[in-house]
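Structure first, commentary second.
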Amino acid sequence: MPTMLDRRRLVAALLAAAMSAGLLPSARGQGGGAAKQTLTGAAAQKSPQADVLLAYENALLDSGLEAAAKYAAPSKVKENQEMMKAFGPEGFKQMQATRKAERLPEAQRRKQIVKVEVSGDYAYLEAESSRKGVLDVAGFEKTAEGWKVAPVRR
């Protein structure tokens, strides 16, 4: 007659075999057990991350870094400040002018969003850009106030 320990070992072995065969999801590397979710098409375009990206881009181009900070995680605000130091106010104004000239209406820009990957409190967005064959990428962190633009990490 199998003991309780034998039964536990058998269940553990069966679960391990099922996970390695891909029959059960693994919680490893998923941000504390949160499942990775990939959104494409309309789902990506209507995602909270898409909404934040569009608001961030518009604030950045129309009003500058201070206005964009409302939609940015502290790590992105810091990154932006470092870029401002590196390129200076004139470099920033040039970028604003160039991007404003290329800016699409919001509905068209939203249609360029092709994918959002969400894993726990981090998300990654890919969008077509005005440069053929080049994707715009954005990172997001979930904060107490909701999703915010963050530095990209892969």
Side-chain angles (χ1 to χ4, degrees), residues 11-84 86-87 91-154:
V11 169
L14 289 172
L15 285 173
M19 283 174 52
S20 66
L23 300 175
L24 294 174
S26 169
R28 220 177 337 170
Q30 305 250 339
K36 185 174 182 181
Q37 181 182 23
T38 301
L39 307 173
T40 58
Q45 294 162 6
K46 294 176 184 175
S47 69
Q49 295 81 10
D51 294 341
V52 171
L53 176 67
L54 296 173
Y56 173 83
E57 288 179 340
N58 288 329
L60 184 67
L61 298 181
D62 293 334
S63 304
L65 291 174
E66 199 170 304
K70 174 181 177 184
Y71 306 101
S75 55
K76 184 66 174 180
V77 171
K78 183 178 179 190
E79 181 182 80
N80 286 344
Q81 290 168 344
E82 290 169 2
M83 289 181 74
M84 178 64 95
F87 295 105
F92 179 75
K93 287 179 186 173
Q94 279 184 319
M95 179 279 298
Q96 266 184 316
T98 301
R99 296 281 308 267
K100 276 184 184 180
E102 297 173 348
R103 181 170 32 182
L104 297 172
E106 187 171 314
Q108 281 182 278
R109 178 64 173 143
R110 191 176 289 275
K111 284 183 181 179
Q112 289 183 316
I113 297 169
V114 295
K115 180 169 77 170
V116 175
E117 289 182 4
V118 181
S119 183
D121 290 342
Y122 182 77
Y124 175 84
L125 179 147
E126 293 179 357
E128 296 170 354
S129 74
S130 59
R131 299 167 307 279
K132 188 167 177 77
V134 176
L135 290 175
D136 289 333
V137 296
F140 300 86
E141 292 175 6
K142 194 169 192 177
T143 69
E145 297 89 37
W147 289 100
K148 302 283 186 171
V149 176
V152 174
R153 62 181 193 227
R154 279 296 255 165

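Nothing here was measured: the structure is a model prediction, and the numbers come from that model.
The number of heavy atoms from other shown groups lying within 6.0 Å of CD (Glu102) is above 12. Annotation: Met83, atom CE; neighbour count of heavy atoms from other residues, nucleotides and ligands within 6.0 Å does not exceed 12.
Of the charged side-chain nitrogens involved, at least one lies within less than 4.0 Å of a carboxylate oxygen, so that Arg131 and Asp136 count as a salt-bridged pair. Looking at Glu128 and Lys111, no side-chain N of the basic residue comes within less than 4.0 Å of a carboxylate O on the acidic one, giving no salt bridge. Residues Lys115 and Glu117 are paired through a salt bridge, judged by an N-O separation under 4.0 Å between the basic side chain and the carboxylate.
Across all their heavy atoms, Tyr71 and Ala55 have their closest contact at CE2-CB, 3.5 Å. Nearest heavy atom pair, residue Trp147 against residue Gln49, reads CE2-NE2, 3.1 Å. Closest approach of Ser47 to Val116, counting heavy atoms only: OG-CG2, 3.7 Å. The two residues Ala150 and Ala73 come nearest to each other via the heavy atoms CB-CB, 4.2 Å. Contact record, Val149 with Leu53: CG2-CA, 4.5 Å, taken as the closest heavy-atom pair. When every heavy atom of Ile113 is checked against every heavy atom of Ala44, the shortest pair comes out as CG2-O, 3.9 Å.
For the atom pair OG of Ser130 and CZ of Arg103, the computed distance is 13.0 Å after rounding to the nearest 0.5 Å. For the atom pair NZ (Lys36) and OH (Tyr122), the distance works out to 11.0 Å, reported to the nearest 0.5 Å. Rounding to the nearest 0.5 angstrom, the gap separating the CZ atom in Phe92 from the CG atom in Leu65 is 4.0 Å. For the atom pair Tyr56 OH and Leu61 CG, the distance stands at 9.5 Å (nearest 0.5 Å).
Between the side chain of Gln45 and the main chain of Ala50, no donor-acceptor pair closer than 3.5 Å is present.
In this model, no donor atom of one side chain and acceptor atom of the other lie less than 3.5 Å apart for Gln112 and Ser129.
In this structure, Arg153 is not positioned above the aromatic face of Tyr124 in the sense of NZ or CZ being under 6.0 Å from the six-membered ring centre and within 45° of the axis.
Proximity of Leu60 to Met95: side-chain heavy atoms (C-beta onward) are separated by under 4.5 Å at one or more points.
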Going through the checks in order, is the side chain to side chain contact (heavy atoms under 4.5 Å, CB included) test met by Asp62 and Lys100? CA-CA 8 Å; Asp62 293 334; Lys100 276 184 184 180; 4.1 Å; yes
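Paired with Asp51 under the rule salt bridge (charged side-chain N to carboxylate O under 4.0 Å, His left out), one option of Lys148, Lys46, Arg110 passes, and it is Arg110.
Annotation: salt bridge (charged side-chain N to carboxylate O under 4.0 Å, His left out) contacts of Lys76 (sequence neighbours excluded): Glu79.
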